[in-house]
Protein chains: 2
Amino acid sequence: MRSVTSAGSPPRDRRRRRSEILDAAAELFAARGFHGVSIEEIGGAVGTSGPALYRHFSGKEALLAEILLEVSERLHTSAARRVTEAPDAERALESLLTGQIEFALGHPSLITVHDRELGNVPEPARRRIRRLQRLYLEEWVTVLSELYPSCPPPRLRAATHAVFGLLNSTPHSAGEVPARAMAGLLRGMARAALAALQDTAHSQEES
Amino acid sequence: MRSVTSAGSPPRDRRRRRSEILDAAAELFAARGFHGVSIEEIGGAVGTSGPALYRHFSGKEALLAEILLEVSERLHTSAARRVTEAPDAERALESLLTGQIEFALGHPSLITVHDRELGNVPEPARRRIRRLQRLYLEEWVTVLSELYPSCPPPRLRAATHAVFGLLNSTPHSAGEVPARAMAGLLRGMARAALAALQDTAHSQEES
DNA sequence: AGAAGATGTTAGTCATCGTTAACACCGGGC
DNA sequence: GCCCGGTGTTAACGATGACTAACATCTTCT
């Protein structure tokens, strides 16, 4: 029987342990890839040894799936909130940038895992993650299509991916520049890159 | 005994087979990661089965090492040539952008492998690859520091990584936009992002 | 106190994989 | 015509790793 919560969420200790495991796993996956990390190592990273993890997760793939689901959910709901709360498209874009930059600077290994390891997630969860990623992208595209109405959506999607690539470069330039300065740099570059959508909107032909 | 070339390079058939294998391996590594691909699969991708690859490479890690070495060498020598041949820094940057964009659009899987799998390369080759990557980066930083002399080098390095992230987003937005338009889009965004280095050079404090 | 459940341990299993061994074919130079 | 280097085959081996089983411990509720 449940003790204090009659039918609610599991006790706090269990939740903490779970997220501790997830954090350690994410770090290791980011460093050496999903298949490059063993269950034994993940266990070791949280002080237990190997198969203890099966008390908390059904398997290695479930670990990865939960990491990616959590990340893409968090990104999407945060973006949706930011967009609806912003008074106009300009401010919405500013807020989206802030959110993505904070996340990229604060959790570089989650960023890394997020766009590297989707291929290793088994099929039921894969679709949900893909969907959330698409929704996140569409938040950006919606805002951008309001700011740059002359730009066709496929172009906006490609541009958004490019901005993600720019912002998510943080794992590569780790510690070259203090975090606050890095945030300002990334924001400035991203804004400028997006502003270029206006000028180049029709220049599809080059020599 | 060698037949036609007394001491030169190996016969053309052998070279072709080698690069055929390397191409297939790169494609597979990009799709599922180094540890996610078996020797048997790589063999299957080139019509042979499994251990035949050992006639051409000393092992799986050697495959990866050669892929990364080739890519980083190609990027670096191409960049060095472009910089020395350019009449001024402005033109040099333009040429560097062209080279990186061509490569990112033409070989997305090599781009993917290049910045994901360095950690799986064994130590002797790893250092050489790192060195080439650093040299490639420094070509950019040298040019940029001439164009933006007020910007400190660490900031330029971070900005360059950001531009790489932007340009290397091609694997994510595959086929959303025709290649020529994509090239123009990426060039415009990258140029604008770099131009922002002038304005934001001193704005390190934000609310 | 004692039963129950949660959480950990170690030992074992089964599959997969990188690598090697032993053998077959094949084409060109004596 | 025969040998030989190059290239492929299949079979085996050894290691690793995900996962399960069986057992221990500790907390907690009655």
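Here is how names work: the chains are called A, B, and so on, in the same order as the sequence lines, proteins then strands, and each is numbered from 1.
- Taking atom NZ of K60(A) as the reference point, atom P of dT16(D) lies 15 Å away to the nearest angstrom.
- The residue V46(A) sits apart from the nucleic acid: no heavy atom pair falls under 4.0 Å.
- W140(A) and F164(A) have perpendicular rings, their planes meeting at more than 60° on a 0 to 90° scale where under 30° would count as parallel.
- The NE2-C1' distance, from H56(A) to dT7(C), rounds to 6 Å in whole Å.
- In the set dG18(C), dG8(D), dT9(C), dG8(D) carries the atom at the smallest distance from any side-chain atom of A52(B).
- For R55(B) and dG6(D), a side-chain-to-base donor-acceptor distance below 3.5 Å is absent, hydrogens and geometry of angles not being considered.
- Using modelled atom types, one finds a donor on one side chain and an acceptor on the other under 3.5 Å when comparing S78(B) with R82(B).
- In this structure, CG of L63(B) is placed 15 Å from C1' of dC17(C), rounded to the nearest angstrom.
- Mapping G36(A) and P51(A) onto DNA chain D by nearest heavy atom places G36(A) closer to the 5' end of the strand.
- Applying the 4.0 Å criterion to OP1 and OP2 of dT7(C), one finds that R17(A) has every side-chain N and O outside that range.
- Here the C1' atom of nucleotide dG5(D) and the CZ atom of R14(B) are 11 Å apart, to the nearest Å.
- For the 3.5 Å distance criterion, the side chains of H107(A) and R74(A) qualify, holding a donor opposite an acceptor.
- Ranked by how close their nearest DNA chain D nucleotide is to the 5' end, T48(B) and I39(A) are led by T48(B).
- Regarding I21(A), its CD1 atom lies at a distance of 16 Å from the P atom of dA6(C), rounded to whole Å.
- Between the CG atom of L53(B) and the P atom of dC17(C) there is a distance of 14 Å, rounded to whole Å.
- Across all strands shown, G59(B) has heavy atoms under 4.0 Å from sugar-phosphate atoms exclusively, and none from any base.
- For the pair E40(A) CD and dG8(C) P, the computed distance is 14 Å after rounding to whole Å.
- Distance from the side chain of Y54(B) is smallest to dT20(C) among dT20(D), dT20(C), dT9(D).
- Under 4.0 angstrom from either OP1 or OP2 of dG17(D) there lies no side-chain N or O belonging to H35(B).
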Discussion item. Checking Q100(A) against Y136(A) for the side chain to side chain donor-acceptor pair (under 3.5 Å) test, could you report, in this order, the C-alpha distance in whole Å, the side-chain angles of both residues, the deciding distance, and whether it holds?
Written reply: CA-CA 11 Å; Q100(A) 178 71 29; Y136(A) 181 59; 2.4 Å; yes

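- Under 3.5 Å, the side chains of S72(A) and R128(A) contain no donor-acceptor pair of N or O atoms.
- The distance from atom CZ of R16(A) to atom P of dT7(C) is 13 Å, rounded to the nearest whole Å.
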